[in-house]
Amino acid sequence: MAGNGGNGHGGHGHGGHGHGGCCSGEHDADVPDSERGNLFSLYQKIDIEKVQCLNEATDGSCRHVFKPWDQKLDKTKFVQSDVDEELLFNIPFTGSVKLKGIIVIGGEDEMHPSIMKLYKNRPQMTFDDANSEAEQVFELSHDYNGDLEYATKIARFNSVTYLSIHFPKNFGAETTRIYYIGLKGDFTEMKRHEVTVATYEARANPADHKTKLFDNAIHEIQ
C-alpha cells in the first residue's frame, strides 16, 4: 500500500496535462434515485483489499469511498490527500468491466477535485505514469450529493480489469477530499478455464512418476 509520503510523490511535475475530451456532468432527472443506485453497483466488483491511493493522508482510507449508494452522503468516511492536492487511485476489478459513468462527491468548497483523468489497464500507476495521455479527462463541477454523472466514452472503456483515476488538482485548497466515487457499467466474470488447462498440462503426471520409481526399483534388485 502506497500512502503518505512514501510513494515518490514529491518529484513529479504538475504541468503539461492536456484537457482534450473534457465533458460536463449530466443527471437524468427521469430516473428514480433508487434505480440510479442499482446502476452504480460496480463497487461490489472491486478487489477492494488491493485498491491503492497514492498521496492519501491515511493509509487505506481510499477504500471507504467505494460504498453503497445509500451511504454516499456519509461524511464520516473519506479520503484526503497528504502533501498536496493530488490523488491517484489504482483500482483492480474481480472481472472485466465496461465502464459507462462515474460520480464524484468531493470535499467542501475548494477541497473538491476539479480535474479527473481516467486510465485503463495500467496496473500500479505512479504520478510519473500519470503524465502520459489519459483515456479520458473530465473537468469536474462541485457535487455534494451525487447529482452529476460523468459519461465515459464507452468504446474506450471495454474490457477494463484495472482502472486508475488521477485527480491532479482541486479548486484551490492545499489538500483534496473525496467522500464517494460511484462507478456505473457492465460486469463480466473472468474466464479461468484456459488457465486451468495450462496448469494441468504443466503438472507432472503422478502415475508416470510412480511407474518410473517402480522400474528403477526392479532394476536395482536385478
Side-chain angles (χ1 to χ4, degrees), residues 1-3 6-9 11-14 16-23 25 39-56 59-67 79 81 86-104 106 113-140 149-169 176 178 180-199:
M1 170 64 65
N7 48 50
H9 182 257
H12 74 279
H14 288 244
H17 297 308
H19 289 169
C22 294
C23 303
L39 295 174
F40 282 87
S41 58
L42 278 181
Y43 72 93
Q44 300 177 31
K45 305 303 182 181
I46 294 173
D47 192 348
I48 197 67
E49 292 303 318
K50 295 181 180 178
V51 171
Q52 295 181 334
C53 184
L54 304 189
N55 195 41
E56 59 181 353
D59 286 345
S61 59
C62 59
R63 300 167 189 166
H64 298 320
V65 305
F66 302 101
K67 49 194 173 186
V79 61
S81 62
E86 293 200 64
L87 288 168
L88 176 58
F89 288 80
N90 287 312
I91 307 162
F93 293 101
T94 58
S96 179
V97 166
K98 178 189 290 184
L99 186 65
K100 298 180 177 180
I102 297 183
I103 287 176
V104 178
S114 60
I115 298 289
M116 176 173 65
K117 302 168 65 180
L118 304 182
Y119 299 85
K120 167 188 173 183
N121 297 342
R122 306 192 203 183
Q124 309 298 324
M125 277 192 68
T126 66
F127 283 108
D128 286 337
D129 297 329
N131 288 321
S132 61
E133 184 177 358
E135 266 71 31
Q136 194 165 358
V137 181
F138 297 92
E139 291 180 346
L140 304 184
E149 176 182 333
Y150 299 91
T152 63
K153 297 178 180 178
I154 298 177
R156 296 187 183 182
F157 290 95
N158 280 313
S159 304
V160 179
T161 57
Y162 206 101
L163 178 68
S164 295
I165 307 177
H166 181 210
F167 298 98
K169 58 190 298 186
T176 296
I178 295 173
Y180 173 79
I181 296 177
L183 304 175
K184 182 177 78 172
D186 300 328
F187 178 81
T188 304
E189 294 285 351
M190 284 286 205
K191 296 180 180 179
R192 300 186 180 278
H193 65 276
E194 296 177 357
V195 176
T196 303
V197 171
T199 303

C53 and side chain to side chain contact (heavy atoms under 4.5 Å, CB included): which single residue from D59, I91, V65, L87 fits? L87

Using modelled atom types and a 3.5 Å cut-off, is there a donor and acceptor pairing between side-chain atoms of [X] and backbone atoms of [Y]?
| X | Y | answer |
| --- | --- | --- |
| Y119 | S132 | yes |
| Y180 | I103 | no |
| Y162 | Q124 | yes |
| E149 | G101 | no |
| E135 | R156 | no |

Looking only at heavy atoms, which two atoms of [X] and [Y] are closest? And how far apart?
| X | Y | value |
| --- | --- | --- |
| V51 | C62 | CG1-SG, 3.9 Å |
| P168 | K117 | CG-CD, 4.1 Å |
| F40 | G182 | CD2-C, 3.5 Å |
| K67 | H64 | CD-O, 3.2 Å |
| F138 | T152 | CZ-CA, 4.3 Å |

Taking the side chain as C-beta and beyond, is there a heavy-atom pair between [X] and [Y] under 4.5 Å?
| X | Y | answer |
| --- | --- | --- |
| F93 | L99 | no |
| D186 | K100 | yes |
| K45 | L183 | no |
| L88 | I165 | no |
| F167 | I181 | yes |
| V104 | M116 | yes |
| Y150 | L118 | no |
| Q136 | F157 | yes |

Could you walk me through whether M190 and T161 pass the side-chain contact (heavy atoms from CB on, under 4.5 Å) test, one step at a time? CA-CA 9 Å; M190 284 286 205; T161 57; 3.5 Å; yes

If you measure only the distance, is there a donor-acceptor pair under 3.5 Å linking the side chains of N55 and S81? no

Using only heavy-atom distances, determine whether the side chains of N90 and S164 contain a donor-acceptor pair under 3.5 Å. yes

Does the distance from a Lys or Arg side-chain N to an Asp or Glu carboxylate O, for E49 and R63, drop under 4.0 Å? yes

Look up atom CG in L163 and atom CD1 in I102, then write down how far apart they are to the nearest 0.5 Å. 6.0 Å

Distance check, rounded to the nearest 0.5 Å: L54 atom CG versus F127 atom CZ? 5.0 Å

Using the side-chain contact (heavy atoms from CB on, under 4.5 Å) criterion, which residues pair with S159? Sequence neighbours excluded. S96

side-chain contact (heavy atoms from CB on, under 4.5 Å) between I115 and L140, worked out: CA-CA 5 Å; I115 298 289; L140 304 184; 6.0 Å; no

Could you walk me through whether K98 and I154 pass the side-chain contact (heavy atoms from CB on, under 4.5 Å) test, one step at a time? CA-CA 7 Å; K98 178 189 290 184; I154 298 177; 3.6 Å; yes

